[in-house]
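Counting starts at 1 for both ligands and their atoms, in listed order.
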Amino acid sequence: MCINDISMSQLIYTLLLLLLVVATFGKTRACNETCSFTVDYEHDTFLLDGKPFRFVSGSFHYFRALPGSWRHILRSMRAAGLNVVMTYIEWSTHEPKEGIYNWDGIANLEQFIRIAEEENLYVILRPGPYICAERDMGGFPYWLLTKYPNMKLRTSDADYLREVEKWYGVLMPRIKKHLRGQGGPVIMVSIENEYGSFSACDHRYLSFLKNLTESYVQNDAVLFTNDGPELLKCGRIPGVLATLDFGAVDNPDLYWQMLRKYQPRGPLMNAEYYPGWLTHWTEPMARVPVGPVADTLRTMLSSGASVNFYMFFGGTNFGFTAGANDGGPGKFQADITSYDYDAPLDEAGDPTSKYYTLRSVILEYFSDPDVPVPPRLPKMSLPSVKLNRYGSLMSNEARQALGYYTVFSERTVSFEALNQHSGFVLYEATIPSDSNRNALLLKVQGLRDRAYVHIDNKFIGVLSRDTATDSMSVKLGQSKRLQLLVENQGRINYNIANDFKGILGFVTLGGNEILNWTMTGFPLDEYSLLQNYVDRYSGYDVETSRNAAARIFQGTFVIHSQPIHDTYVDPTGWEKGLIFINGFNLGRYWPVAGPQVTLYVPRHILREGINTILVIEYQQEIQGDAIIAFTDQPKLDGLLPFNNFLIQK
Ligand SMILES: *[C@@H]1O[C@H](CO)[C@@H](O)[C@H](O)[C@H]1NC(C)=O
Ligand SMILES: *[C@@H]1O[C@H](CO)[C@@H](O)[C@H](O)[C@H]1NC(C)=O
């Protein structure tokens, strides 16, 4: 529509509305000494700068999108009528190694808060320190288990409390100036995360965490807990606002009544309202229909509740950040790399039809933000790339270039005991000369999570935790060396068992325990090592690694102008592994397990001119040319009718 189409009265009305919006924001943003965010229990409402306030919010975890896209996504959220963004704060993102802090790039939390404020969104922070979130170890840094193997996370274990105190001592001063009471946009800060679902039910720990959080936040923001409606008993903290987490239901009032038993007055808040859901490998992609989501939203907003969508934008579990769930023995369920979540904004940050439906419901209750919905950004496909081969991780050259350490021990030890976060540990032992040389049963107890079994550098099959496959028959012949290349598929994030990785139990051949192990660590978290390896590769060791798993490929592709479009890499024809583009770890691919096939490639990691793609394929022998494709369409619903993700050679 152009200006001539608008009648004069419409024009005046629009101008007045604009003035009103400007005036409203002028007032709420520049609050000076009246800045505050509090709870008025008597009138069942929040008070922003002393005035009744309620919100519709969306979860967006800054650590799941590159900073270059933060503003676009936040603006798309505001355009949907949201007035708040909620994010977890992930300890392992900010302290990946003990005492080594990261606040730059994707870890620039303060920048995220500032951009949210500029886009007229208030902010709710959820520092955990446990966040679950389908992230490795629920957001805890792995090194806690290196330092304290017996640590009881989320309890009043003294070591745990001391580490949390130290972390909050670094984190909280950075947040402080952004709190509402200090004039910033942060209105609420959470304590723990669905603690009522955790069996420990340690009230002393909650009290400790409340006191610690309060000592920093004071009255500058509202503290809250969040729990499933039936789980308030162990989750709520007296004196802290209790909120609920639930998805679309016929009658949300039944849930609010459960809350009212514990908290007779105060604003109602659904802190995790699910418009989508998470997905594990080998499951169908979670798809949540919008109809019931819109209906329950309308009911909640009609009863005056505040609502946060979990997730409004999901994003991506780049690198090794995806977690896993534990469905019991033989039901280890690793989370897929995409965190699209079937959310209103898709993995690339584009509005879906769900977005528009929910936006129209929101605008029945909240004033139009007068921000145009950013259009879907076009995506690009690229010509397929032919990759060169650089042998296997198991080659002597790769061990020297990429192996962080070699350790000897009578029995196998865990990744954490070796102070290793990610990637692989190669466990090797000599096969006893008196072994029966025909067929023997190899059994690996406590395998976490997946072993690529080799005999004398020949890859012979896979054992895996997710299918409870812990043994296989092996023919020894004259062979000398047993080699188990063990992959960490992501630490459990829910209800947080101490999910050590590696081989935690005995390894036996024909019932006899194998002793005296050599362990080599391949964390694969430093790209420069991979690049150096590829640059120096001479093919010298190709003979010894010809039949081994975990093979390295690299190729280049050219983009002729400044890249402004995202793309997707499509590893169809490959089986399981890891992809780096220009040194950025896109995450794990596993199209033979599905449902996720393509990996999202954000435009921000691409460059004009020559780009590099490096693939580590864990299990497939690529015959003929090694080709990988790029597409302009995500493929997340690619579950195969027959899973062939386990291989026995
Ligand atoms: C938290 O503070 C309250 C009030 O000062 C105190 O009674 C309680 O013991 C503290 N909790 C812990 C675990 O120290
Ligand atoms: C393991 O190593 C120890 C010390 O080197 C040695 O005494 C022992 O015989 C070895 N055991 C096996 C089964 O090889």
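Taking a heavy-atom cut-off of under 4.0 Å, ligand 1 is surrounded by R204, S207, F208, N211.
Classified by interplanar angle (parallel below 30°, tilted 30° to 60°, perpendicular above 60°), the ring pair H61/Y88 is tilted.
Side chains of H454 and N457: a donor-acceptor N/O pair is absent below 3.5 angstrom, by distance only.
If you run salt bridge (Lys or Arg N to Asp or Glu O under 4.0 Å) between E487 and each of K576, R465, K501, only K576 comes through.
For the pair R265 and Y41, the cation does not sit on the ring face, since its NZ or CZ is not both under 6.0 Å from the ring centre and inside 45° of the axis. Both the sub-6.0 Å distance and the 45° axial angle are not jointly satisfied by R411 relative to the ring of W517.
Every residue meeting the salt bridge (Lys or Arg N to Asp or Glu O under 4.0 Å) condition with E428, not counting sequence neighbours, appears here in chain and number order: R399.
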